There are 2 protein chains.
Amino acid sequence: MNDFAVKPPGKITIREVAAAAGVSLQTVSRVINKGPNVSDKARRRVEEAVAALGYSPSIAARRMGGSKSYLLLALNDRDRTIETWQLREGTDWVDQMLLGGMLTCAEHGYRLIFELVDTHSDNIERELAGALAALRPDGVILTPPHSDNATIVRLLDKHGVPCARIGGWEGLGGSLIRMDDLEAAARTVEHLAGHGHRRVAFIAGDPEYRLSEERVAGYRAAVERLGLDRDPELLEQGDFGFESGAAATRRLLALDRPPTAIVASSDQMALAVLAVARERDLMVPDALSVVGFDDTPIARTSVPPLTAVSQPVSAMTACAARLLIEGSDSAALPHIINFELAVRASTGPAPRG
Amino acid sequence: MNDFAVKPPGKITIREVAAAAGVSLQTVSRVINKGPNVSDKARRRVEEAVAALGYSPSIAARRMGGSKSYLLLALNDRDRTIETWQLREGTDWVDQMLLGGMLTCAEHGYRLIFELVDTHSDNIERELAGALAALRPDGVILTPPHSDNATIVRLLDKHGVPCARIGGWEGLGGSLIRMDDLEAAARTVEHLAGHGHRRVAFIAGDPEYRLSEERVAGYRAAVERLGLDRDPELLEQGDFGFESGAAATRRLLALDRPPTAIVASSDQMALAVLAVARERDLMVPDALSVVGFDDTPIARTSVPPLTAVSQPVSAMTACAARLLIEGSDSAALPHIINFELAVRASTGPAPRG
DNA sequence: CTGAAAGCGCTAACAA
DNA sequence: TTGTTAGCGCTTTCAG
């Protein structure tokens with residue numbers, strides 16, 4: 001019976017464990033880090049001591065001594081994120097990121113730190129460099145629109161911090177994780193065409209996001225391929241927000257030959273389509289079918305519930321974390337995560353012409 | 001012209017700053033920590049060097065040397081949180097916590113780490129102790145139902161880590177931050193009584209949460225005070241979830257003299273009331289008024305939008321962080337944060353008897 | 001396979 | 001008002 005167990009908790013260091021196991025500090029360190037060159041006997045004794053003392057290595061000390069910090073940084077745009085939080089529109093992008101990111105990190109003994117940085121500020125370099133210097137993370141997860149921000153990616157590279165870019169495109173370093181936005185947009189059009197729609201409109205998202213143009217491309221390709229009406233007036237520009245969706249819808253419905261279906265590049269814009277339709281007593285889906293993008297919680301509770309493309313945010317973040325932790329050669333192909341089209345009551349057969 | 005500026009970034013330590021400013025490490029440390037006994041001249045030179053080099057102290061090293069980690073830990077129940085994230089019902093409790101917590105931390109040079117722990121597990125002590133040992137946070141923020149968990153609070157105390165308990169009650173240590181749930185429930189009843197309702201029902205929440213009984217007490221007190229019908233059948237037990245709310249509503253509507261208004265202790269249960277009412281072609285609010293609790297995003301987009309009590313989650317978390325960072329005597333009174341009753345279309349005049 | 005020594009970047013305690 | 005010294009708990013060398 002030793003007296004280590006009665007030591008004040010939280011004060012148990014590798015030293016106590018080594019003493020309890022009757023080995024050197026190094027051996028304990030090796031066991032903890034699953035390093036080689038440890039006899040089974042020594043390993044077992046150390047593991048027992050660790051369990052008995054409830055030892056857990058200090059992440060700060062590990063960072064100090066070694067080269068790893070066991071920290072991953074998830075970077076989001078400060079203004080946009082705060083605005084989203086304050087608006088309380090039910091967007092759960094951050095929650096889904098945490099879900100995928102935290103669980104994956106935990107599985108590997110890592111920790112995810114969620115951080116906001118100001119993209120548009122001139123001192124973005126200073127701000128990001130500060131966070132890197134303070135935390136020294138082993139990797140950084142970037143989300144749109146940061147993912148394609150050359151300043152950020154290059155700064156990360158300069159600091160030697162690997163990054164995984166969710167929704168990012170080729171042309172910059174780091175691992176790429178995204179869904180097939182082009183294919184997703186095409187799928188929505190196919191779904192509608194399958195219901196007999198021939199005049200399908202599309203409300204594009206904020207052009208600052210690369211995925212906006214991908215979706216437009218997918219829409220165009222599908223319209224072309226399926227031989228639907230390819231009237232340029234059916235393509236409207238939005239910015240992901242409700243107001244822009246409402247305005248675009250009004251323009252679309254004012255056309256000589258208005259669309260029988262509208263695909264919006266965000267749920268908020270799709271909700272706006274629904275609102276404008278209700279305002280004009282246009283029944284959805286009888287007179288107008290509506291499809292959204294993202295499949296946020298709001299999509300399930302809207303009236304009617306929204307058919308929408310599910311963005312696999314959690315899975316993408318989990319993938320990003322895994323790549324960063326396990327290391328991946330940066331020249332690898334992008335990791336494409338499957339999306340889903342959640343079909344709900346906002347889409348139906350085209351009205352009879 | 002010195003050559004510090006061209007050093008590889010991220011490798012700038014207090015040593016570089018000291019050299020650039022021509023002072024000792026200690027002086028730099030004092031300036032960074034706003035310590036006393038530094039001449040204005042030295043301070044200015046150090047600040048200039050810090051700015052010029054883009055220096056930012058390593059949080060790991062600060063933790064190692066000193067007594068502070070500049071880290072605050074926000075602890076949530078693992079299972080419940082993950083389930084909430086996966087359900088995607090639009091609950092933004094976590095987001096609001098981050099909003100209040102991260103911003104307040106950032107203002108003070110701290111960082112918030114969001115962490116999940118398994119409450120119901122037997123090895124909760126091991127798990128929590130592990131997180132404390134690994135991170136060594138300067139304080140911990142507890143949320144319901146952890147806030148009143150004696151095991152957790154005592155363990156924290158044993159480790160000497162201050163805690164701030166959101167939605168916590170007296171009887172255990174740490175700072176207390178909460179809203180007045182009793183008063184909030186009473187306010188909902190007053191609101192309904194003001195509309196002429198005399199039979200107001202209440203669906204209670206999960207009894208594992210202390211606030212559930214507070215709300216019941218508030219409901220009872222208001223019913224008493226306002227002289228409304230205080231039929232015990234009007235009080236139903238729920239568990240915050242949709243299904244429990246639906247079941248309770250069915251029982252309430254099956255009464256000989258059903259209520260003309262129902263207050264539910266969560267938005268999800270209130271949504272269930274709405275759903276059951278629609279199922280029976282009971283118009284809301286004409287035939288039945290409904291009030292929810294929490295005011296999650298869903299409350300605004302439901303049909304009709306829900307009158308609900310807004311929980312000031314962000315403000316409570318900000319307060320908790322502030323108390324932890326600035327230090328507060330633990331014997332202080334609880335900090336009561338104001339709630340609001342968001343009045344929307346789900347409540348209206350009582351139907352004429 | 002194992003252990004001893006050095007040092008990561010910082011702050012506390014001490015001296016000057 | 002300053003500078004010096006010794007660690008914090010760990011991992012990395014490098015010797016055994």
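Each chain gets a letter, A, B and so on, in the order its sequence line appears, and its residues count up from 1. None of the values given here were measured: they were computed from a predicted structure.
Protein atom CD1 of B/Ile32 is 7 Å distant from nucleotide atom P of C/dC10, rounded to whole Å. As rounded to whole Å, 20 Å separates atom P of D/dT1 from atom CG of B/Leu25. The CZ atom of B/Arg43 sits 11 Å away from the C1' atom of D/dT1 (whole-angstrom rounding). The OH atom of A/Tyr55 sits 7 Å away from the C1' atom of D/dC10 (whole-angstrom rounding). As a whole-Å value, the separation of B/Arg136 CZ from D/dG9 C1' is 9 Å. In this structure, A/Ile59 atom CD1 and D/dT11 atom P are separated by 11 Å, rounded to whole Å. Regarding B/Asn37, its CG atom lies at a distance of 14 Å from the C1' atom of C/dA12, rounded to whole Å. Put simply, CZ on B/Arg45 is 13 Å from C1' on D/dT2, counting in whole angstrom units.
Among the protein residues, B/Gly66 comes within range of the sugar-phosphate backbone only, with heavy atoms under 4.0 Å from sugar or phosphate atoms but none that close to a base. Within 4.0 Å (heavy atoms only), A/Pro36 reaches no atom of the nucleic acid at all. At the heavy-atom level, A/Tyr70 lies nowhere under 4.0 Å from the strands shown. Among the protein residues, A/Ala60 comes within range of no part of the nucleic acid, since none of its heavy atoms lies under 4.0 Å from any strand.
Recorded end-axis angle for the helix from C/dC1-D/dG16 to C/dA16-D/dT1 stands at 30°, based on five pairs per end and rounded to 10 degrees.
Taking side-chain N and O atoms only, B/Lys11 has a distance below 4.0 Å to OP1 or OP2 of C/dG9. Put simply, A/Ser29 has no side-chain N or O that comes within less than 4.0 Å of OP1 or OP2 on D/dC10. Between B/Thr13 and C/dC8 there is no side-chain polar atom (N or O) within less than 4.0 angstrom of OP1 or OP2. Distances shown here put every side-chain N or O of A/Ser67 at or beyond 4.0 Å from the OP1 or OP2 atom of D/dT11.
Rounding to the nearest 0.5 angstrom, the gap separating the CD1 atom in A/Ile166 from the OG atom in A/Ser147 is 7.0 Å. Interatomic distance, CG of A/Leu25 versus CZ of A/Arg30, reported as 10.5 Å (0.5 Å rounding).
Along DNA chain D, the nucleotide nearest B/Val23 and the nucleotide nearest B/Met64 are compared for position; the residue whose nucleotide lies closer to the 5' end is B/Val23. Both B/Arg63 and B/Asp40 sit near DNA chain D, but only B/Asp40 has its closest nucleotide nearer the 5' end.
Taking every side-chain heavy atom of A/Ser24 into account, C/dG3 is the closest of C/dC10, D/dC10, C/dG3. Residue B/Ser58 places its side chain closer to C/dG9 than to any other of D/dT2, C/dG9, C/dT11.
With respect to the salt-bridge test (charged N to carboxylate O, under 4.0 angstrom), the residues A/Arg78 and A/Glu127 qualify. A salt bridge links B/Arg178 and B/Glu170; the closest N-O separation between the charged side-chain nitrogens and carboxylate oxygens is under 4.0 Å.
Shown are B/Arg62, B/His108, B/Arg111, B/Arg63; of these, the side chain to side chain donor-acceptor pair (under 3.5 Å) with B/Tyr70 is made only by B/Arg62. A side chain to side chain contact (heavy atoms under 4.5 Å, CB included) with B/Ile152 is found for exactly one of B/Ile124, B/Leu172, B/Asp157, namely B/Ile124.
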Got a list of protein N/O to nucleotides 14-16 of chain D N/O distances below 3.5 Å?
none

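Counting heavy atoms from C-beta outward, B/Phe114 and B/Asn76 have side chains that approach closer than 4.5 Å.
Judged by distance alone, the side chain of B/Thr84 and the main-chain N or O of B/Arg80 form a donor-acceptor pair under 3.5 Å.
Looking only at atom types and distance, the side chain of B/Thr13 has a donor-acceptor partner in the side chain of B/Glu16 under 3.5 Å away. Side-chain atoms of A/Asp95 and B/Trp85 form a donor-acceptor pair, as typed in the model, at a separation below 3.5 Å.
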